[in-house]
Amino acid sequence: MDLKEYTKARGMKLKDLANETGISVQIIYAFSHKNKNIKSMKFKDMQAICKVLDITPNQLFGYESKR
């Protein structure tokens with residue numbers, strides 16, 4: 001799943017995620033659209049997104065466990 005799907009599954013919109021994490025709406029939208037200009041993510045932003053969505057960093061970046 002991607003960022004849009006995780007927020008939707010929790011009854012949220014990307015704007016809600018931005019409000020709850022303190023990350024700007026523009027950055028959340030860029031992450032959700034896999035903007036090619038975005039080369040990295042701040043660790044604190046990753047932690048905030050994962051905490052609000054109750055997911056792991058692996059899930060956030062689309063890596064599935066092979067176990």
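Just so it is clear, the structure is predicted and the values come from calculations on it, not from any experiment.
- Here the straight-line distance linking atom CD1 of Ile49 with atom OG1 of Thr21 works out to 6.0 Å at 0.5 Å rounding.
- Once rounded to the nearest 0.5 Å, the distance linking NZ of Lys4 with CZ of Phe31 reads 15.0 Å.
- Atom-to-atom distance recorded for Glu20:CD and Lys51:NZ is 11.0 Å, nearest 0.5 angstrom.
- Across all non-hydrogen atoms, the minimal contact from Phe61 to Met46 is CE1-SD, 3.6 Å.
- How far CZ of Arg10 is from CG of Asp54: 6.0 Å, rounded to the nearest 0.5 Å.
- Residues Cys50 and Pro57 approach most closely at SG-N, 3.6 Å, considering heavy atoms.
- No side-chain heavy atom of Lys42 sits less than 4.5 Å from a side-chain heavy atom of Ile23.
- Across Asp2, Ile27, Leu14, Leu17, a single residue satisfies side-chain contact (heavy atoms from CB on, under 4.5 Å) together with Ser32, and that is Leu14.
- Between Leu53 and Gln59 the shortest side-chain heavy-atom distance does not fall below 4.5 Å.
- Looking only at side-chain heavy atoms (C-beta outward), Thr7 and Ile28 stay at 4.5 Å or farther from each other.
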